[in-house]
A.B. asks: 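First, the structure itself, so that you have it in front of you.
Nothing here was measured: the structure is a model prediction, and the numbers come from that model. Residue numbers start at 1 and run along the sequence shown.
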Amino acid sequence: MMTLVNMPTLKRGAPLPLYHQLKTAILRDIEAGRWRPGERLPTEDALIARFHVSKITVRQALRDLAQLGYIRREQGRGTFVQGPPLEEGPRELTSFTGEMRGHGFVATSRVLEQGLVPASGDVASRLDAGAGEPVFRLRRLRLADGEPMGVQTAYLPLRLVPGIDQVSFADASLYEVLASRYSLYAAAARETHQAVPVPEDAAALLRVPAGSPALSAERLTTLADGRPLEYVHSIMRGDRYKIVLDLARAAH
(Lines give C-alpha, C1' and ligand atoms only; values in the text may rest on other atoms or scores of the structure.)
Protein backbone atom coordinates (compact mmCIF):
# COMPACT_ATOMS: atom_id res chain seq x y z
CA MET A 1 0.00 0.00 0.00
CA MET A 2 1.37 3.40 -0.96
CA THR A 3 2.05 6.12 1.63
CA LEU A 4 0.48 9.56 1.68
CA VAL A 5 3.57 11.60 2.52
CA ASN A 6 3.84 13.50 -0.76
CA MET A 7 0.15 14.13 -1.42
CA PRO A 8 -0.86 17.82 -1.54
CA THR A 9 -2.77 19.66 1.16
CA LEU A 10 -6.43 20.38 0.48
CA LYS A 11 -7.49 24.04 0.37
CA ARG A 12 -10.40 24.81 2.63
CA GLY A 13 -12.58 27.67 1.43
CA ALA A 14 -11.59 27.05 -2.21
CA PRO A 15 -14.33 27.06 -4.87
CA LEU A 16 -13.91 23.32 -5.39
CA PRO A 17 -15.36 21.14 -2.60
CA LEU A 18 -12.95 19.08 -0.52
CA TYR A 19 -14.10 15.73 -1.93
CA HIS A 20 -13.39 16.98 -5.46
CA GLN A 21 -9.91 18.16 -4.45
CA LEU A 22 -9.19 14.78 -2.84
CA LYS A 23 -10.48 12.90 -5.87
CA THR A 24 -8.32 15.04 -8.16
CA ALA A 25 -5.21 14.49 -6.02
CA ILE A 26 -5.62 10.71 -6.04
CA LEU A 27 -6.47 10.65 -9.74
CA ARG A 28 -3.42 12.75 -10.61
CA ASP A 29 -1.14 10.23 -8.87
CA ILE A 30 -2.85 7.28 -10.56
CA GLU A 31 -2.47 8.84 -14.01
CA ALA A 32 1.17 9.70 -13.26
CA GLY A 33 1.86 6.05 -12.43
CA ARG A 34 2.68 6.64 -8.76
CA TRP A 35 -0.10 4.23 -7.86
CA ARG A 36 -0.29 1.35 -10.29
CA PRO A 37 -3.11 -1.04 -11.17
CA GLY A 38 -3.46 -3.73 -8.51
CA GLU A 39 -1.98 -1.62 -5.69
CA ARG A 40 -4.13 -0.98 -2.65
CA LEU A 41 -5.03 2.57 -1.73
CA PRO A 42 -4.75 3.84 1.85
CA THR A 43 -7.69 3.04 4.10
CA GLU A 44 -10.51 5.50 4.66
CA ASP A 45 -9.17 6.15 8.17
CA ALA A 46 -5.70 6.91 6.78
CA LEU A 47 -7.15 9.40 4.29
CA ILE A 48 -9.23 11.03 7.01
CA ALA A 49 -6.20 11.42 9.27
CA ARG A 50 -3.92 12.72 6.49
CA PHE A 51 -6.33 15.31 5.10
CA HIS A 52 -8.35 16.13 8.22
CA VAL A 53 -11.65 15.59 6.43
CA SER A 54 -14.83 13.73 7.26
CA LYS A 55 -15.65 10.14 6.32
CA ILE A 56 -18.38 11.48 4.03
CA THR A 57 -15.79 13.52 2.11
CA VAL A 58 -13.49 10.52 1.68
CA ARG A 59 -16.29 8.20 0.62
CA GLN A 60 -17.61 10.68 -1.94
CA ALA A 61 -14.14 11.03 -3.49
CA LEU A 62 -13.68 7.25 -3.64
CA ARG A 63 -17.21 6.74 -4.97
CA ASP A 64 -16.54 9.16 -7.82
CA LEU A 65 -13.24 7.45 -8.67
CA ALA A 66 -14.97 4.05 -8.68
CA GLN A 67 -17.68 5.36 -11.00
CA LEU A 68 -14.98 6.69 -13.32
CA GLY A 69 -13.39 3.22 -13.34
CA TYR A 70 -10.05 4.14 -11.76
CA ILE A 71 -10.48 2.15 -8.55
CA ARG A 72 -12.44 -0.85 -7.34
CA ARG A 73 -13.64 -1.50 -3.81
CA GLU A 74 -13.56 -5.09 -2.57
CA GLN A 75 -15.48 -5.86 0.59
CA GLY A 76 -13.20 -7.02 3.36
CA ARG A 77 -10.03 -6.37 1.33
CA GLY A 78 -9.87 -2.64 0.64
CA THR A 79 -9.72 -0.27 -2.31
CA PHE A 80 -7.49 -1.07 -5.28
CA VAL A 81 -6.24 0.91 -8.26
CA GLN A 82 -7.21 -0.33 -11.70
CA GLY A 83 -6.52 0.97 -15.18
CA PRO A 84 -8.88 3.51 -16.74
CA PRO A 85 -12.01 2.17 -18.46
CA LEU A 86 -11.53 0.63 -21.89
CA GLU A 87 -12.96 2.87 -24.57
CA GLU A 88 -14.94 1.08 -27.24
CA GLY A 89 -16.56 2.67 -30.23
CA PRO A 90 -17.17 1.81 -33.89
CA ARG A 91 -14.64 -0.86 -34.78
CA GLU A 92 -13.96 -3.86 -36.96
CA LEU A 93 -15.74 -7.09 -36.09
CA THR A 94 -13.34 -8.96 -33.84
CA SER A 95 -13.21 -11.41 -30.98
CA PHE A 96 -12.78 -10.53 -27.30
CA THR A 97 -9.20 -11.79 -27.59
CA GLY A 98 -8.47 -9.42 -30.46
CA GLU A 99 -10.21 -6.55 -28.71
CA MET A 100 -8.11 -6.98 -25.55
CA ARG A 101 -4.93 -7.44 -27.58
CA GLY A 102 -5.63 -4.05 -29.12
CA HIS A 103 -5.60 -2.55 -25.62
CA GLY A 104 -2.33 -4.30 -24.73
CA PHE A 105 -3.90 -6.95 -22.47
CA VAL A 106 -3.61 -10.72 -22.47
CA ALA A 107 -7.11 -12.17 -22.81
CA THR A 108 -8.08 -15.41 -21.12
CA SER A 109 -11.38 -17.17 -20.53
CA ARG A 110 -12.85 -19.54 -18.01
CA VAL A 111 -15.53 -21.85 -19.34
CA LEU A 112 -18.52 -21.76 -17.02
CA GLU A 113 -20.76 -23.96 -19.12
CA GLN A 114 -20.84 -25.50 -22.57
CA GLY A 115 -23.18 -27.96 -24.23
CA LEU A 116 -26.31 -28.46 -26.32
CA VAL A 117 -29.64 -26.94 -25.26
CA PRO A 118 -33.01 -26.51 -26.98
CA ALA A 119 -33.38 -22.99 -28.34
CA SER A 120 -35.71 -20.81 -26.31
CA GLY A 121 -38.17 -18.69 -28.23
CA ASP A 122 -35.96 -15.63 -27.81
CA VAL A 123 -32.77 -17.36 -29.03
CA ALA A 124 -34.60 -19.18 -31.84
CA SER A 125 -36.02 -15.94 -33.24
CA ARG A 126 -32.56 -14.38 -33.42
CA LEU A 127 -30.92 -17.41 -35.04
CA ASP A 128 -33.76 -18.10 -37.50
CA ALA A 129 -34.20 -21.45 -35.77
CA GLY A 130 -37.26 -23.36 -34.73
CA ALA A 131 -38.28 -23.23 -31.08
CA GLY A 132 -36.60 -26.17 -29.35
CA GLU A 133 -34.07 -26.68 -32.16
CA PRO A 134 -30.68 -27.77 -30.74
CA VAL A 135 -28.19 -24.93 -30.29
CA PHE A 136 -24.70 -24.90 -28.84
CA ARG A 137 -24.37 -22.72 -25.75
CA LEU A 138 -20.98 -21.50 -24.50
CA ARG A 139 -20.87 -19.41 -21.32
CA ARG A 140 -17.50 -17.95 -20.35
CA LEU A 141 -15.95 -15.58 -17.86
CA ARG A 142 -13.77 -13.17 -19.85
CA LEU A 143 -10.60 -11.81 -18.28
CA ALA A 144 -7.93 -9.29 -19.24
CA ASP A 145 -4.55 -9.72 -17.55
CA GLY A 146 -6.38 -11.93 -15.06
CA GLU A 147 -9.01 -9.32 -14.16
CA PRO A 148 -12.66 -10.26 -14.77
CA MET A 149 -14.20 -8.08 -17.48
CA GLY A 150 -17.50 -9.76 -18.29
CA VAL A 151 -19.63 -12.86 -18.57
CA GLN A 152 -20.53 -13.83 -22.15
CA THR A 153 -22.99 -16.44 -23.32
CA ALA A 154 -22.87 -17.44 -27.00
CA TYR A 155 -25.46 -19.48 -28.92
CA LEU A 156 -24.86 -21.09 -32.32
CA PRO A 157 -27.23 -23.25 -34.43
CA LEU A 158 -26.03 -26.83 -34.15
CA ARG A 159 -26.89 -27.48 -37.81
CA LEU A 160 -23.99 -25.15 -38.74
CA VAL A 161 -21.49 -26.58 -36.27
CA PRO A 162 -22.13 -30.31 -35.73
CA GLY A 163 -19.87 -31.82 -33.09
CA ILE A 164 -18.76 -28.48 -31.64
CA ASP A 165 -19.91 -29.59 -28.21
CA GLN A 166 -16.95 -32.00 -28.21
CA VAL A 167 -14.43 -29.18 -28.54
CA SER A 168 -12.72 -27.95 -25.36
CA PHE A 169 -12.86 -24.17 -25.17
CA ALA A 170 -10.66 -23.90 -22.11
CA ASP A 171 -7.89 -22.49 -24.34
CA ALA A 172 -9.52 -22.35 -27.77
CA SER A 173 -10.93 -19.28 -29.52
CA LEU A 174 -14.48 -19.77 -30.75
CA TYR A 175 -13.87 -17.79 -33.93
CA GLU A 176 -10.69 -19.74 -34.67
CA VAL A 177 -12.57 -23.03 -34.24
CA LEU A 178 -15.35 -21.80 -36.52
CA ALA A 179 -12.80 -20.90 -39.19
CA SER A 180 -10.49 -23.91 -38.97
CA ARG A 181 -13.03 -26.66 -38.36
CA TYR A 182 -16.16 -25.40 -40.13
CA SER A 183 -14.89 -22.78 -42.62
CA LEU A 184 -17.34 -20.31 -41.11
CA TYR A 185 -16.35 -16.66 -40.97
CA ALA A 186 -18.22 -13.83 -39.26
CA ALA A 187 -18.98 -11.17 -41.85
CA ALA A 188 -21.07 -8.61 -39.98
CA ALA A 189 -22.71 -8.03 -36.62
CA ARG A 190 -25.20 -5.75 -34.94
CA GLU A 191 -24.56 -4.99 -31.29
CA THR A 192 -26.77 -3.13 -28.83
CA HIS A 193 -25.90 -1.93 -25.32
CA GLN A 194 -27.90 -0.85 -22.33
CA ALA A 195 -27.10 0.02 -18.73
CA VAL A 196 -28.16 -2.61 -16.19
CA PRO A 197 -27.31 -3.57 -12.59
CA VAL A 198 -24.97 -6.54 -12.23
CA PRO A 199 -27.18 -9.59 -11.51
CA GLU A 200 -26.60 -11.77 -8.46
CA ASP A 201 -25.28 -14.72 -10.48
CA ALA A 202 -22.58 -12.62 -12.17
CA ALA A 203 -21.49 -10.43 -9.24
CA ALA A 204 -19.16 -12.94 -7.59
CA LEU A 205 -17.62 -13.89 -10.93
CA LEU A 206 -16.93 -10.25 -11.78
CA ARG A 207 -15.74 -9.43 -8.23
CA VAL A 208 -18.17 -6.54 -7.86
CA PRO A 209 -21.21 -6.07 -5.61
CA ALA A 210 -24.56 -7.20 -7.00
CA GLY A 211 -26.39 -4.18 -8.38
CA SER A 212 -23.21 -2.40 -9.49
CA PRO A 213 -23.40 -0.61 -12.87
CA ALA A 214 -22.88 -2.89 -15.86
CA LEU A 215 -23.28 -2.85 -19.62
CA SER A 216 -25.57 -5.47 -21.08
CA ALA A 217 -24.65 -6.17 -24.69
CA GLU A 218 -26.44 -8.27 -27.29
CA ARG A 219 -24.73 -9.14 -30.55
CA LEU A 220 -26.08 -10.99 -33.56
CA THR A 221 -23.32 -12.08 -35.94
CA THR A 222 -24.10 -13.12 -39.51
CA LEU A 223 -22.32 -14.89 -42.35
CA ALA A 224 -21.60 -13.27 -45.70
CA ASP A 225 -24.90 -14.64 -47.07
CA GLY A 226 -26.84 -13.08 -44.20
CA ARG A 227 -27.51 -16.28 -42.24
CA PRO A 228 -27.26 -15.88 -38.46
CA LEU A 229 -24.11 -17.48 -37.08
CA GLU A 230 -23.99 -16.48 -33.45
CA TYR A 231 -26.07 -14.70 -30.83
CA VAL A 232 -24.16 -13.44 -27.80
CA HIS A 233 -25.40 -11.90 -24.58
CA SER A 234 -22.79 -10.23 -22.37
CA ILE A 235 -22.69 -8.58 -18.96
CA MET A 236 -19.62 -6.34 -18.90
CA ARG A 237 -18.38 -4.44 -15.86
CA GLY A 238 -19.54 -0.83 -16.04
CA ASP A 239 -16.41 0.39 -14.27
CA ARG A 240 -14.17 -1.16 -16.94
CA TYR A 241 -15.99 -0.25 -20.13
CA LYS A 242 -17.31 2.89 -21.69
CA ILE A 243 -18.75 3.35 -25.15
CA VAL A 244 -17.32 6.20 -27.21
CA LEU A 245 -19.01 7.44 -30.37
CA ASP A 246 -17.43 9.83 -32.83
CA LEU A 247 -20.23 11.99 -34.22
CA ALA A 248 -20.15 14.15 -37.32
CA ARG A 249 -22.70 16.57 -38.67
CA ALA A 250 -24.32 15.29 -41.84
CA ALA A 251 -23.29 17.11 -45.01
CA HIS A 252 -26.03 19.19 -46.66
A.B. asks: Could E74 and R40 be called an ion pair, given the rule that one side-chain N must be under 4.0 Å from one carboxylate O?
C.D. replies: no

A.B. asks: Mind checking what makes salt bridge (charged side-chain N to carboxylate O under 4.0 Å, His left out) contact with E218, not counting sequence neighbours?
C.D. replies: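 E218 satisfies salt bridge (charged side-chain N to carboxylate O under 4.0 Å, His left out) with R126 only.
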
A.B. asks: What heavy-atom pair brings P162 and Y182 nearest, and what distance separates the two atoms?
C.D. replies: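 Looks like O-OH, 2.8 Å.
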
A.B. asks: Using distance alone, with no hydrogens and no angle criterion, decide if Q152 and R142 have a side-chain donor and acceptor under 3.5 Å apart.
C.D. replies: yes

A.B. asks: Supply the atom-to-atom distance L18 CG to K23 NZ, rounded to the nearest 0.5 angstrom.
C.D. replies: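 So the gap between those two atoms works out to 13.0 Å.
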
A.B. asks: Going by heavy atoms in the side chains, are T43 and I48 under 4.5 Å from each other?
C.D. replies: no

A.B. asks: For atom CZ of R190, decide whether the heavy atoms of other residues, nucleotides or ligands shown that lie under 6.0 angstrom number more than 12.
C.D. replies: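 Open.
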
A.B. asks: Below 4.5 Å, heavy atoms only, C-beta onward: do L174 and R140 meet side chain to side chain?
C.D. replies: yes

A.B. asks: Hey, which of L65, V58, L62 is the one that makes side-chain contact (heavy atoms from CB on, under 4.5 Å) with L22?
C.D. replies: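 Answer after filtering L65, V58, L62: V58.
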
A.B. asks: Considering residues, nucleotides and ligands other than E200, do more than 12 of their heavy atoms fall under 6.0 Å from its CD?
C.D. replies: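 It does not: E200 CD has 12 such atoms or fewer within range.
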
A.B. asks: Would V151 and R110 count as a side chain to side chain contact (heavy atoms under 4.5 Å, CB included) here? Give the steps.
C.D. replies: CA-CA 10 Å; V151 176; R110 196 172 97 210; over 6 Å; no

A.B. asks: Are any of the side-chain nitrogens in E147 or R237 under 4.0 Å away from the carboxylate oxygens of its partner?
C.D. replies: yes

A.B. asks: With no hydrogens and no angle check, just 3.5 Å: does a side-chain donor-acceptor pair link H233 and S216?
C.D. replies: yes

A.B. asks: State, to 0.1 Å, how close L143 and P148 come at their nearest heavy-atom pair, and which atoms those are.
C.D. replies: CD2-N, 4.0 Å

A.B. asks: So, using salt bridge (charged side-chain N to carboxylate O under 4.0 Å, His left out) as the criterion, who are the partners of D128 when residues are at least two apart?
C.D. replies: none

A.B. asks: Let me confirm one number: the CG-CG distance from L229 to L223, rounded to the nearest 0.5 Å.
C.D. replies: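 One finds 4.5 Å between CG of L229 and CG of L223.
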
A.B. asks: Looking at side-chain heavy atoms only, is the closest gap between V117 and P134 below 4.5 Å?
C.D. replies: no

A.B. asks: What pair of heavy atoms forms the shortest contact from I71 to Q82, and how long is it?
C.D. replies: O-NE2, 3.7 Å

A.B. asks: Has the side chain of Q60 got a donor or acceptor atom that lies under 3.5 Å from a matching backbone atom of T57?
C.D. replies: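 No.
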
A.B. asks: Test of understanding: clusters of I, L, V, M, F, W, Y form through side-chain heavy atoms closer than 4.5 Å, transitively. Do L205 and V198 belong to the same one?
C.D. replies: yes

A.B. asks: Identify whether F51 and L41 are in the same connected component of the hydrophobic contact network (ILVMFWY, side-chain heavy atoms under 4.5 Å).
C.D. replies: yes

A.B. asks: Go through the steps to decide whether M236 and L206 satisfy the test side chain to side chain contact (heavy atoms under 4.5 Å, CB included), and finish with yes or no.
C.D. replies: CA-CA 9 Å; M236 310 303 290; L206 297 177; over 6 Å; no

A.B. asks: Measuring from I164:CD1 to R181:CZ, what's the distance to the nearest 0.5 Å?
C.D. replies: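 It comes to 7.5 Å.
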
A.B. asks: With the side chain counted from C-beta on, respond yes when Y19 and D64 share a heavy-atom pair under 4.5 Å apart, and no when they do not.
C.D. replies: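 They are in side-chain contact.
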
A.B. asks: Can you give me the closest heavy-atom contact between V135 and P118, atom names plus distance?
C.D. replies: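 Looking at all heavy atoms of both residues, the closest pair is CG2-C, 4.5 Å.
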
A.B. asks: Side chain to side chain contact (heavy atoms under 4.5 Å, CB included) for R227 and L160? Distances and angles first, verdict last.
C.D. replies: CA-CA 10 Å; R227 286 180 298 161; L160 294 180; 3.5 Å; yes

A.B. asks: Give the C-alpha distance, both sets of side-chain angles, the deciding distance and a yes or no for side chain to side chain contact (heavy atoms under 4.5 Å, CB included) between R72 and R207.
C.D. replies: CA-CA 9 Å; R72 69 179 186 277; R207 300 180 198 164; 5.5 Å; no

A.B. asks: Can you hop from V161 to Y185 via hydrophobic side chains spaced under 4.5 Å?
C.D. replies: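 Each belongs to a different hydrophobic cluster.
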
A.B. asks: Compare every heavy atom of T222 with every heavy atom of P228, then report the nearest pair and how far apart it is.
C.D. replies: CA-CG2, 4.1 Å

A.B. asks: CZ/F169 to CZ/F136 distance, rounded to the nearest 0.5 angstrom?
C.D. replies: 4.5 Å

A.B. asks: Look up atom CG in L127 and atom CG in D122, then write down how far apart they are to the nearest 0.5 Å.
C.D. replies: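 Reported to 0.5 Å precision, the distance equals 9.5 Å.
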
A.B. asks: Do L47 and W35 belong together in a cluster built from hydrophobic side chains that touch within less than 4.5 Å?
C.D. replies: yes

A.B. asks: Please check if V81 and I26 belong to a single hydrophobic cluster, counting links between Ile, Leu, Val, Met, Phe, Trp and Tyr side chain heavy atoms closer than 4.5 Å.
C.D. replies: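 Yes, V81 and I26 fall within the same hydrophobic cluster.
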
A.B. asks: Give the ring-plane orientation class for Y231 versus Y155, where under 30° counts as parallel, over 60° as perpendicular and anything between as tilted.
C.D. replies: parallel

A.B. asks: Which heavy atom of Y175 sits nearest to which heavy atom of A186, and what is that distance?
C.D. replies: CE2-CB, 4.1 Å

A.B. asks: Hey, could you give me the OG/CZ distance between S109 and R139, rounded to the nearest 0.5 Å?
C.D. replies: 13.0 Å

A.B. asks: Could you tell me whether the side chain of K11 reaches within less than 4.5 Å of the side chain of Q21, counting heavy atoms only?
C.D. replies: yes

A.B. asks: Do S212 side-chain atoms and V208 backbone N/O form a donor-acceptor pair below 3.5 Å?
C.D. replies: no

